Structure formats: structure tokens, C-alpha cells
Amino acid sequence: MGTENPMNFTYMGRTFDDLSNGDSSGAFSDCNSDRSGEFPTASSQSRRLLIACASDNSDELIRHLVLDLESCSIEEQKQAAMEIRLLAKNKPENRLKIAKAGAVRPLISLISCTDPQLQEYGVTAILNLSLCDENKELIAASGAIKPLVRALMSGTPTAKENAACALLRLSQMEENKIAIGRSGAIPLLVNLLENGGFRGKKDASTALYSLCSVKENKIRAVKAGIMRPLVELMADFGSNMVDKSAFVLSVLVSMSEARSALVEEGGIPVLVELVEDGTQRQKEIAAVILLQICEDSVLYRTMVAREGAIPPLVALSQSGTNRAKQKAEKLIELLRQPRSGNYAATTSDVSV
């Protein structure tokens with residue numbers, strides 16, 4: 001068997017050596033600025049904004065817009081939040097200017113308002129400002145996490161998606177992950193993963209992937225029922241969510257509670273099917289997950305073997321990447337070991 005040095009890669013500040021190709025970026029892409037329409041009308045304000053976006057000096061407009069965020073008029077607040085959102089979306093250099101001009105706190109206040117459109121504009125403006133790494137600490141320190149979680153609970157579909165993206169951006173600072181989890185974001189993200197549209201599922205999975213590097217967030221995700229949507233999405237090859245779901249699963253199965261929940265939701269047949277019929281990357285990540293499941297459980301080895309995993313694993317050991325071959329060979333060796341004892345002696349493997 002050929003050997004090689006482990007191939008490490010970093011995603012969101014975390015280094016992995018269990019997954020080959022050194023890259024999960026094909027499964028996850030960092031969220032971009034909002035994807036909503038640019039200029040719904042040809043109003044004078046829109047023309048003013050177009051000029052400002054093309055101008056090298058938008059400082060005066062930014063100062064004026066920040067003042068309007070605290071106007072007594074909801075319509076003026078909406079217009080200001082919309083223009084700040086677009087300024088931050090279209091010119092990356094404006095993101096730091098807007099934050100330095102004092103926009104962060106009034107925008108956070110808008111996230112808590114009862115007007116759905118105003119809340120959506122506030123969430124989306126904060127998302128766009130968070131795309132500047134220098135702004136993330138200020139946004140979190142200004143109290144954005146709890147309002148974003150509330151928007152994730154009760155906002156418009158777009159507000160929920162953009163709140164998930166904004167929380168993802170803030171979670172890229174390690175110290176924010178626990179605060180986000182303790183603010184109630186994990187069950188809401190699991191709900192978005194299960195019930196959202198495609199973009200909502202994608203944004204939720206990416207945020208959960210980041211947040212679940214912390215053990216207490218893994219526990220929260222499992223308790224919130226994350227295994228069911230993950231297994232369902234992995235089983236649906238037409239969902240365009242197979243890779244994302246598998247990568248989220250890969251960070252959870254280090255916990256016995258997650259392994260038990262995965263098995264209870266029918267995850268073993270789905271993973272075996274991925275090894276057999278998935279893409280090269282899907283075969284590999286499925287083999288990695290199955291290996292983690294089987295390493296300490298005779299019962300799970302029996303279940304995996306009875307699903308017919310050995311033939312596709314043999315094929316993977318012969319035709320996969322070097323890293324995939326290593327994982328497949330190790331798993332085959334485990335599955336072929338004599339399985340002593342009986343099921344009664346191994347039921348502790350599935351206890352939570």
C-alpha cells in the first residue's frame with residue numbers, strides 16, 4: 001500500500017488532515033454580499049447612489065446616510081439602509097468607511113424593528129459590512145449577535161438567509177462561536193437547513209460547519225435534530241447539497257451522540273451508497289465518516305458490512321486518491337475483523 005504525508009488544509013481557520021484533496025472549498029464557498037436587486041426604480045436617490053458608487057469620494061454621502069438611519073421617518077431609514085447596503089455591496093473599500101462613520105449601531109437597531117423590510121435592509125447591510133474582516137470585531141462588540149439570531153427566527157426569507165450569512169462571518173472569529181451558539185442560533189440554523197430554499201440550506205450548512213468546530217455547538221446541533229436533514233440531503237443527489245451535508249456531518253461524528261443519531265436516522269445505507277455511486281470527493285468523505293463510525297463499535301461494523309460496503313470500498317481502495325485508498329483499506333480491514341460477542345454485548349455502542 002502506498003503511503004504519503006497527510007494532506008492538510010485550512011477552511012475557516014481550521015486545519016484538517018482526514019479529508020483528501022486538501023480542499024473543501026468546492027463544497028463550501030464563503031458567503032458573498034447580498035444577491036438582491038440593485039436599483040428597483042430610477043429614482044433620484046438611486047441615481048445619486050450610482051454616482052457615489054462610481055465616485056472615488058463617497059464620504060459625504062455616507063455621513064448623510066448614517067444620520068438618516070436614526071431619522072424619525074421609517075421611509076428615510078429604509079432609504080438610508082438600502083443605500084448603505086448597496087454602497088457596501090458594490091465597493092469593498094466603502095465597508096470600512098461606513099463602519100468608521102458610525103453606521104454599525106444604528107443598523108443593528110434596525111434589525112430589531114418590527115417593519116419586515118427595514119429589518120431585512122438592516123440585516124443585509126450588516127452582512128455586507130461584515131465582509132470586511134476589520135469590521136467583524138466591531139459588529140460583534142456592538143451587540144449584533146442576538147438581533148441577528150432574532151432575524152433568523154422571525155425575519156423574511158431573505159432576512160433569514162442573510163442573517164445566517166452574517167452569523168457565519170462573525171463565527172470566523174473563534175471567540176464568537178460560543179456566543180452565537182448560546183444565543184440560540186443552532187436550532188434556527190438546523191430549521192433553515194431543513195425547511196429553507198436552496199440558498200437558505202446552503203447558507204445554513206456553511207454557518208453550521210463553522211460553528212460546530214466547538215463541542216457545545218455540536219451537542220446543540222445534534223439535540224436540534226440535525227441528523228435527519230443531513231441524511232435526507234445526502235441521499236438526494238439532485239439537491240446539490242450532498243457535499244455540504246457530508247462535510248457538516250464529518251465535523252459532528254467525532255461525538256458518540258452524533259454517531260448514534262446518524263445511525264438512527266438511517267445514515268449508514270446513505271453513506272454506503274455514496275461510496276458506491278458518489279463523485280470521487282463524495283466517495284472519500286463517506287469513507288472517512290464510515291471509518292469514524294466503525295472504529296470503536298463492533299455493532300456499527302456489522303451494520304456497515306451488511307449494507308454491502310466492502311465491494312465499493314475495495315473499488316475505492318484501487319481507484320481513489322492516495323488518501324481515499326488509505327481510508328478505504330483501513331475500513332476494509334476493520335470490517336473483515338472477526339466480530340466476537342453478540343448484539344447484547346454491544347448495545348452500549350448506540351447509547352446516547
Side-chain angles (χ1 to χ4, degrees), residues 12-13 30-36 38 45-46 48-71 74 76-113 115 117-152 155 158-159 161-177 179-180 183 185 203 206-207 210:
M12 293 183 182
D30 200 0
C31 69
N32 298 312
S33 60
D34 69 276
R35 304 163 179 84
S36 46
E38 292 284 315
Q45 290 94 336
S46 296
R48 177 180 65 166
L49 189 54
L50 281 167
I51 293 168
C53 285
S55 170
D56 291 331
N57 184 11
S58 55
D59 294 8
E60 183 178 349
L61 174 59
I62 289 171
R63 284 193 296 271
H64 178 75
L65 292 174
V66 171
L67 290 174
D68 283 350
L69 288 175
E70 300 185 272
S71 168
I74 288 181
E76 287 185 5
Q77 288 179 311
K78 284 183 182 180
Q79 186 66 37
M82 184 272 289
E83 295 195 22
I84 285 175
R85 170 176 69 85
L86 293 176
L87 281 170
K89 175 180 180 177
N90 288 289
K91 293 194 74 176
E93 59 269 29
N94 283 337
R95 295 166 189 162
L96 191 57
K97 287 183 182 180
I98 292 168
K100 287 183 174 180
V104 171
R105 288 189 183 275
L107 284 171
I108 292 172
S109 295
L110 299 187
I111 298 175
S112 299
C113 74
D115 184 285
Q117 189 178 48
L118 189 53
Q119 180 191 57
E120 181 182 311
Y121 285 169
V123 168
T124 309
I126 287 292
L127 163 60
N128 289 352
L129 294 181
S130 75
L131 299 176
C132 172
D133 287 339
E134 294 177 67
N135 288 340
K136 288 189 289 190
E137 183 176 358
L138 172 62
I139 291 169
S142 298
I145 290 173
K146 288 184 178 180
L148 286 169
V149 171
R150 286 195 293 271
L152 191 58
T158 298
E161 293 166 354
N162 289 342
C165 267
L167 290 169
L168 164 64
R169 291 293 302 174
L170 298 183
S171 76
Q172 291 167 353
M173 296 180 66
E174 198 68 24
E175 60 269 27
N176 290 334
K177 292 182 179 182
I180 293 171
S183 295
D203 293 339
T206 311
S210 174

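Please read all numbers here as calculations on a predicted model, not as lab measurements.
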Spacing of CD1 belonging to Ile98 relative to NZ belonging to Lys91, to within rounding of 0.5 Å: 10.5 Å

Considering only heavy atoms from C-beta outward, does the side chain of Leu65 approach that of Leu87 to under 4.5 Å? yes

To the nearest 0.5 Å, tell me how far Arg150 CZ sits from Ile145 CD1. 12.0 Å

Could you tell me which non-hydrogen atom of Ser71 sits nearest to which non-hydrogen atom of Glu76, and how far apart they are? OG-OE1, 2.7 Å

I'd like to check the side chain to side chain donor-acceptor pair (under 3.5 Å) partners of Asp115; sequence neighbours left out, ordered by chain and number. Lys78

Indicate the atoms forming the closest heavy-atom contact of Val123 with Ala163, along with that distance. CG1-N, 3.4 Å

Which pair of non-hydrogen atoms, one from Val66 and one from Ala103, has the smallest distance, and what is that distance? CG2-CB, 3.7 Å

When rounded to the nearest 0.5 Å, the distance separating CD of Glu134 from NZ of Lys100 is 6.5 Å

Leu148: which of Asn162, Ile111, Leu127, Ile180 passes side chain to side chain contact (heavy atoms under 4.5 Å, CB included): Ile111

Could you go through Leu110 and Gln119, starting from their C-alpha distance and side-chain angles, then the distance that decides it, and tell me whether this counts as side-chain contact (heavy atoms from CB on, under 4.5 Å)? CA-CA 5 Å; Leu110 299 187; Gln119 180 191 57; over 6 Å; no

CG-CG distance between Leu129 and Leu96, expressed to the nearest 0.5 angstrom: 9.5 Å

Report the C-alpha distance between Leu168 and Asp203 in whole Å, list the side-chain angles of each, state the deciding distance to 0.1 Å, and finish with yes or no for side-chain contact (heavy atoms from CB on, under 4.5 Å). CA-CA 8 Å; Leu168 164 64; Asp203 293 339; over 6 Å; no

Closest non-hydrogen atom pair between Ile139 and Ile108, with its separation: O-CD1, 3.9 Å

Tell me, with the steps shown, if Lys97 and Asp59 meet side-chain contact (heavy atoms from CB on, under 4.5 Å). CA-CA 7 Å; Lys97 287 183 182 180; Asp59 294 8; 3.2 Å; yes

For Pro147 versus Ser112, what's the shortest heavy-atom pair and its separation? CB-OG, 3.8 Å

Ser210 and Lys177: which non-hydrogen atoms are nearest, and at how many Å? O-NZ, 3.3 Å

Look at atom CD of Glu93 and say whether more than 12 heavy atoms of other residues, nucleotides or ligands are closer to it than 6.0 Å. yes

In chain order, what residues pass the side chain to side chain donor-acceptor pair (under 3.5 Å) check against Lys136, with sequence neighbours excluded? Asp133, Gln172

Is there a donor-acceptor contact under 3.5 Å from the side chain of Asp68 to the main chain of Ala80? no

Should the heavy atoms of other residues, nucleotides or ligands under 6.0 Å from CD1 of Ile74 be counted, would the total exceed 12? no

Partner of Arg85 under side chain to side chain contact (heavy atoms under 4.5 Å, CB included), chosen from Thr124, Leu107, Ile126: Thr124

Would you confirm whether Ser109, through its side chain, and Arg105, through its main-chain N or O, come within 3.5 Å as a donor-acceptor pair? yes

Spacing of CG belonging to Leu69 relative to OH belonging to Tyr121, to within rounding of 0.5 Å: 13.0 Å

Do Leu131 and Arg169 make a side-chain contact, defined as non-hydrogen atoms from C-beta onward lying under 4.5 Å apart? yes

In sequence, state the C-alpha distance, the side-chain angles, and the governing distance for Val149 and Ser183, and then conclude on side-chain contact (heavy atoms from CB on, under 4.5 Å). CA-CA 7 Å; Val149 171; Ser183 295; 4.0 Å; yes

Please determine, by modelled atom types, if Asn135 and Ser130 share a side-chain donor-acceptor pair under 3.5 angstrom. no

